[in-house]
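Single-structure report; data block below.
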Amino acid sequence: MKIATWNINSLRVRLPHVLRWLESQRPDVLALQETKLPDPDFPAEEFTRLGYHAAFSGQPAYNGVALLARAPLTVEATALPDFDDAQKRVLFAHLDEVHILNLYVPNGQSLDSDKYQYKLRWLEQLNRWLTQLLREHPQLVVLGDLNIAPEDRDVHDPKAWEGGVLVSSAERAAFRSLLEQGLQDSFRLFHQEGGHYSWWDYRAAAFRRNLGLRIDHILLSPALAGRCLGTHMDREPRGWERPSDHVPVITML
DNA sequence: ATGGTTGGCTTCCAA
């Protein structure tokens, strides 16, 4: 089973990339973040044509998540439980036995921002929910743009990033809490070295110079981690015309 | 070199 996640930074702009990528990679599941589309505008029929079922939860201009899958999807939630949030960042669904939680974690903007406090509260509530999800669903995938580089080896220049969002100790502690509950970082099951990133800033030719961060992740419950065959980033679409600033992360189960 | 680029209910905000 091939499962992927990709922050596409506007599905309106990136639809040709998503269709091209689906045709060449044929994943069983593709989770999208930052669709930036209200639900009535979601181009579901474009994916139906390629044999994909679609589930989506979006809003105008910001945020928005979607799941595309070759098997029928059953949506179970579109928000964190008991958390008042107008922003569409969560899509929880299952296909057959496998449950997938697609997340677009808040960016946080800067450590002194209200948005950073919102991010930390959001992650705290996610951790609370995860306890229940792991108990109820042995085959659980948690994936998406988690907007956290878990360790210094996930950052091209840890000194330059010190004091910023995506790398702060509170965010990293929240990420570790996910792992302490039993999830495994599928990429780190296979690769130990630094230099592998999923996002590069559009500015300063960051991709060409590999000035990136590993902030998009596929986390697996113990049962799924035990049968995982590999996880990698596909850098190819970052070289296409008008690319997203993120690339797909792919795991094989 | 405290910059730079992209997308969107665009003349600013979010990333």
Side-chain angles (χ1 to χ4, degrees), chain A residues 5-21 31-43 46 56-66 79-80 85-91 102-123 126 143-150 154-168 170-172 174-175 197-217 233-249:
Chain A
T5 179
W6 193 7
N7 179 322
I8 38 88
N9 184 21
S10 170
L11 184 54
R12 242 189 267 279
V13 172
R14 229 68 66 191
L15 180 62
H17 283 204
V18 176
L19 295 174
R20 175 178 173 184
W21 196 81
L32 300 175
Q33 302 85 36
E34 287 204 87
T35 54
K36 300 186 175 181
L37 280 180
D39 289 345
D41 293 350
F42 193 89
E46 300 277 357
F56 40 91
S57 178
Q59 66 184 85
Y62 302 109
N63 309 311
V65 284
L80 298 178
D85 191 359
Q87 304 188 21
K88 303 297 188 185
R89 300 178 171 279
V90 172
L91 188 55
N102 177 17
L103 301 174
Y104 175 46
V105 174
N107 171 283
Q109 197 166 64
S110 63
L111 267 57
D112 59 1
S113 166
D114 291 347
K115 297 189 182 72
Y116 180 69
Q117 296 306 319
Y118 161 68
K119 179 178 193 173
L120 295 182
R121 286 199 314 275
W122 201 98
L123 288 166
L126 170 64
L143 83 182
D145 178 357
L146 303 193
N147 263 324
I148 301 170
D154 301 308
V155 180
H156 69 90
D157 186 347
K159 273 223 171 76
W161 276 86
E162 209 176 314
V165 286
L166 315 185
V167 305
S168 75
E171 291 163 83
R172 285 178 167 178
F175 185 92
Y197 309 126
S198 65
W199 169 84
W200 301 259
D201 199 298
Y202 279 122
R203 296 165 288 186
F207 180 65
R208 184 176 55 74
R209 300 156 68 200
N210 199 29
L211 309 181
L213 269 66
R214 194 176 70 93
I215 56 176
D216 301 86
H217 304 286
M233 273 65 95
D234 178 12
R235 296 159 58 104
E236 195 194 325
R238 194 61 159 82
W240 296 348
E241 195 182 342
R242 255 187 127 185
S244 169
D245 46 352
H246 298 248
V247 297
V249 183

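Note on naming: letters A, B, ... go to the chains in the order of the sequence lines (proteins, then strands), and numbering restarts at 1 for each one. Only this structure's heavy atoms are used, side chains among them; waters, hydrogens and symmetry mates stay out.
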Rounded off to whole Å, could you give me the CD1-to-C1' distance for the I148(A) and dA15(B) pair?
16 Å

note: L166(A), atom CG; dA15(B), atom C1'; distance rounded to Å ~ 10 Å

In whole angstroms, the gap separating C1' of dT6(B) from CZ of R242(A) amounts to 9 Å

More than 12 heavy atoms of other residues, nucleotides or ligands under 6.0 Å from CG of D157(A): is that the case?
yes

Using the P atom in both, what is the distance from dA15(B) to dC9(B), to the nearest Å?
14 Å

Kindly indicate whether the side chain of D145(A), heavy atoms from C-beta on, has any atom under 4.5 Å from the side chain of I215(A).
yes

Contact class for F207(A) vs. all strands (heavy atom < 4.0 Å): base, sugar-phosphate, or nothing?
nothing

Atom NZ of K115(A) to atom P of dA15(B): distance rounded to whole Å?
6 Å

CD/E162(A): more than 12 non-hydrogen atoms of other groups inside 6.0 Å:
no

Result for 5'-nearest mapping on DNA chain B, choosing between Y202(A) and S10(A), is Y202(A)

In whole angstroms, how far is the P atom of dT6(B) from the CG atom of N7(A)?
16 Å

Using atom CG of L211(A) as one end and atom P of dA15(B) as the other, report the distance to the nearest whole Å.
22 Å

Quick one: side-chain contact (heavy atoms from CB on, under 4.5 Å) partners of P158(A), sequence neighbours excluded?
D152(A), V155(A)

With C1' as the reference atom in both, quote the distance from dT5(B) to dT10(B) in angstrom, rounded to an integer.
15 Å

Figure out the CG/C1' separation between D157(A) and dT2(B), and round it to whole Å.
14 Å

Parallel under 30°, tilted from 30 to 60°, perpendicular over 60°: which one fits the rings of W6(A) and W240(A)?
perpendicular

Can you tabulate the close N/O pairs, meaning under 3.5 Å, that link protein atoms to atoms of nucleotides 9-12 of chain B?
residue, atom, partner, partner atom, Å
dC9(B), OP1, A61(A), N, 2.7

Between dG4(B) and dA14(B), how far apart are the C1' atoms? Round to whole Å, please.
16 Å

Toward the 5' end of DNA chain B, by each residue's nearest nucleotide, N107(A) or R14(A):
R14(A)

dT11(B) and dA1(B): how far apart are their C1' atoms, nearest whole angstrom?
27 Å

Tell me, please, which residues at least two apart from R235(A) pass side-chain contact (heavy atoms from CB on, under 4.5 Å).
W200(A), F207(A), N210(A)

Should P106(A) and K115(A) count as side-chain neighbours, where that means a heavy-atom distance under 4.5 Å?
no

Distance in angstrom units between D114(A) CG and dA14(B) C1', rounded:
14 Å

